[in-house]
S.K.: 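Before I ask anything, here is the structure I am working with.
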Amino acid sequence: MFVRRTAAVLAATAVIGAVVAPAASAAGSSPSPSPSAALPSGLFGTADPTYDGVWRQSLALLAQHTVGQSPASSAVGWLTGQQCANGAFAAYRADASAACDAKTQVDTNSTAAAVQALGALGGHDDATGKAVAWLKSVQNKDGGWGYMAGGPSDTNSTSVVIGALKAVGEKPASVTKDGKSPTDALLKLSTACDAEGDGAFAYQPDKKGKLAANADATAAGVTAGMGQGFAAEPGNTFALTGCHIADKPDLADAAANGAEYLVKTMAKTSYLKSALPGAADQPDYGNTADAVVALSAIGATKEAKKPLAWLEKNSADWAAKSGPAAYAQLIFAAHTSGTDPRHFGGEDLVARLAATGPAPVAAGATASPSEKKNDEKKDDGNGLGVWWIVGIGLVAGIGIGFLLSGRNKKQQL
């Protein structure tokens with residue numbers, strides 16, 4: 001799921017010819033009893049939050065809520081304080097008291113992630129209402145969303161927004177632009193049942209309009225196809241029957257085909273792979289966790305067992321290097337598959353996540369009025385700065401981590 005956001009950022013750099021694949025496990029944030037003194041006290045993680053502050057905070061809060069914890073008021077307040085007056089969120093605003101303006105790089109992924117977290121926590125209707133209104137205002141004519149407002153729709157961004165709509169009780173199929181819904185956008189990004197596409201979702205069409213199978217986008221598309229967000233709930237029933245060709249395919253058909261693709265791709269290794277330029281393929285822990293969520297959400301629980309077992313055995317070092325967002329992602333995989341996140345391959349993911357940020361509210365305790373108060377100024381923001389996008393591409397190019405979780409965006413597996 002982290003890659004959904006990074007994939008969109010990296011795709012945006014293609015506009016100026018700077019698409020690069022960031023390192024899979026470099027410079028992630030490390031667990032710590034408390035964030036660095038140089039960072040806001042309410043923020044999870046100790047790594048530079050410039051490109052992922054709101055994203056990792058949203059996932060961390062949602063993960064704590066998913067396991068029955070009440071996140072610290074300071075952590076929730078930090079997130080709500082990042083919102084601009086028009087409802088949108090940027091990846092990170094170092095000075096949240098300063099007015100958002102045309103230089104403030106708000107984006108759909110940060111905004112939708114925040115909605116998923118705040119919607120689940122409850123009590124933030126004003127913030128989520130404004131955020132969803134902004135998301136609707138920047139919906140593309142094909143019914144989907146790109147990372148930046150007005151950017152070409154992609155499976156990952158559209159899927160994150162679908163999760164946000166679910167979080168506030170809206171039906172994605174009813175959210176339309178020029179008669180097109182997110183369902184239409186995802187169907188358009190689903191590949192055919194042939195040797196080339198194999199029923200997977202593509203990230204985006206290439207310059208010639210061709211779709212290429214993408215495992216990351218497929219995991220996102222399958223989960224969104226079930227109408228689910230990051231913390232997907234099980235309950236569906238799915239039986240493997242091969243890639244399904246329908247006269248008039250619906251999103252459930254596309255999601256089922258995507259699940260088939262994920263199972264086929266992981267059949268030999270039990271995990272998904274990613275490749276860096278000039279390097280051999282390597283395990284992609286984050287996308288594998290996404291795949292477990294996707295398969296569990298659609299009901300392919302039997303097929304999710306092998307990649308889940310692989311994660312339990314192998315993901316500890318990756319998560320420790322990558323920080324709060326990685327722990328959150330593993331918690332989502334455990335939750336959706338019915339696994340105890342407190343006993344995940346010998347790791348207590350819940351405790352590990354808590355150690356990367358403000359301690360959650362103790363059971364039975366309530367926050368003080370001062371802790372509940374969030375009086376940070378909210379400002380208006382919009383616009384796309386080319387040099388900001390260039391900066392992201394350059395940072396990724398020199399391997400400053402996965403920017404979001406130590407994972408990388410893959411054009412095709």
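Each residue takes its place number in the sequence, starting with 1.
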S.K.: Could you tell me whether a side-chain N or O of R93 sits under 3.5 Å from a main-chain N or O of A99, the two making a donor and an acceptor?
M.R.: no
S.K.: Mind listing the closest non-hydrogen atom pair of A224 and L251 along with its distance?
M.R.: O-CD2, 4.4 Å
S.K.: Show every side chain to side chain donor-acceptor pair (under 3.5 Å) that has at least one partner inside residues 61-71, sequence neighbours left out.
M.R.: none
S.K.: How many angstroms lie between OG1 in T223 and CG in D290, if you round to the nearest 0.5 Å?
M.R.: 7.0 Å
S.K.: Hey, can you pull the donor-acceptor pairs under 3.5 Å for the side chains in residues 304-314, sequence neighbours left out?
M.R.:
| residue | atom | partner | partner atom | Å |
| --- | --- | --- | --- | --- |
| E312 | OE1 | G345 | N | 3.3 |
| N314 | ND2 | W310 | O | 2.8 |

S.K.: From the options N140, N109, D107, select the one residue that forms a side chain to side chain donor-acceptor pair (under 3.5 Å) with S157.
M.R.: N109
S.K.: Is a salt bridge present between D126 and K130, judged by a nitrogen-to-oxygen distance below 4.0 Å?
M.R.: yes
S.K.: About how many Å separate CG of L165 and CG of L135, when rounded to the nearest 0.5 Å?
M.R.: 7.0 Å
S.K.: Report the C-alpha separation of Q116 and S58 in whole Å, then their side-chain angles, then the decisive distance to 0.1 Å, and conclude whether the side-chain contact (heavy atoms from CB on, under 4.5 Å) test is met.
M.R.: CA-CA 8 Å; Q116 290 198 41; S58 299; over 6 Å; no
S.K.: What's the separation between atom CZ in F201 and atom OG1 in T158, rounded to the nearest 0.5 Å?
M.R.: 10.5 Å
S.K.: Is any side-chain heavy atom of P49 closer than 4.5 Å to one of F44?
M.R.: no
S.K.: Quick one: does T108's side chain get under 4.5 Å of W134's, heavy atoms only?
M.R.: yes
S.K.: Apply the side-chain contact (heavy atoms from CB on, under 4.5 Å) test between L189 and each candidate in T155, N214, D184, T218; give the one that qualifies.
M.R.: T155
S.K.: Roughly how far apart are W145 CH2 and S159 OG, rounded to 0.5 Å?
M.R.: 10.5 Å
S.K.: Got S274 and Q282 here, is their nearest side-chain heavy-atom distance under 4.5 Å?
M.R.: yes
S.K.: Any side-chain heavy atom of V168 sitting closer than 4.5 Å to one from V115?
M.R.: yes
S.K.: Between the side chains of D142 and K188, is the shortest nitrogen-to-carboxylate-oxygen separation below 4.0 Å, so that they form an ion pair?
M.R.: no
S.K.: Does A200 offer a backbone N or O that forms a donor-acceptor pair with the side chain of D198 under 3.5 Å?
M.R.: no
S.K.: Given 3.5 Å as the limit, does a donor-acceptor pair link the side chain of K273 with the main chain of D281, or not?
M.R.: no
S.K.: Specify the closest pair of heavy atoms between A131 and T111, including all atoms of both residues, with the distance to one decimal.
M.R.: CB-CG2, 3.8 Å
S.K.: Could you report the tightest heavy-atom contact between V222 and A255, atom names first, then the distance?
M.R.: CG2-O, 3.4 Å
S.K.: Which heavy atom of A173 sits nearest to which heavy atom of S181, and what is that distance?
M.R.: O-CB, 3.5 Å
S.K.: What are the two closest non-hydrogen atoms of P172 and P182, and how far apart are they?
M.R.: O-CD, 3.1 Å
S.K.: Give the minimum heavy-atom separation between P360 and A354, together with the two atoms involved.
M.R.: CD-CB, 4.1 Å
S.K.: To the nearest 0.5 Å, tell me how far L118 CG sits from D125 CG.
M.R.: 10.5 Å
S.K.: Within the 4.5 Å heavy-atom criterion, are E347 and L330 side-chain neighbours or not?
M.R.: no
S.K.: Within a strict 4.5 Å, meaning less than it, do heavy atoms of the Q228 and K166 side chains meet?
M.R.: yes
S.K.: Pairs in or reaching into residues 333-345: which pass side chain to side chain donor-acceptor pair (under 3.5 Å), with residues at least two apart or in two chains?
M.R.: E233-H335, S337-T339
S.K.: Mind checking the CZ-CG spacing from R56 to L61? Nearest 0.5 Å is all I need.
M.R.: 12.0 Å
S.K.: Quick check, are the ring centers of F230 and W55 under 6.0 angstrom apart?
M.R.: yes
S.K.: Please examine the side chains of C84 and T104, heavy atoms only from C-beta on, and report whether any two atoms are closer than 4.5 Å.
M.R.: yes
S.K.: For a 4.5 angstrom cut-off between non-hydrogen side-chain atoms, does P71 reach L121?
M.R.: yes
S.K.: Dump the intermediate steps for side-chain contact (heavy atoms from CB on, under 4.5 Å) on Q57 and Q82, then the final yes or no.
M.R.: CA-CA 11 Å; Q57 191 81 354; Q82 288 285 304; over 6 Å; no
S.K.: Can you list the steps and then say if L62 with F332 is a side-chain contact (heavy atoms from CB on, under 4.5 Å)?
M.R.: CA-CA 9 Å; L62 180 56; F332 297 145; 3.9 Å; yes
S.K.: Step by step, would you call V263 with L295 a side-chain contact (heavy atoms from CB on, under 4.5 Å)?
M.R.: CA-CA 8 Å; V263 171; L295 293 176; 3.8 Å; yes
S.K.: Check whether any side-chain N or O of Q105 sits under 3.5 Å from a backbone N or O of K103 as a donor-acceptor pair, and report yes or no.
M.R.: yes
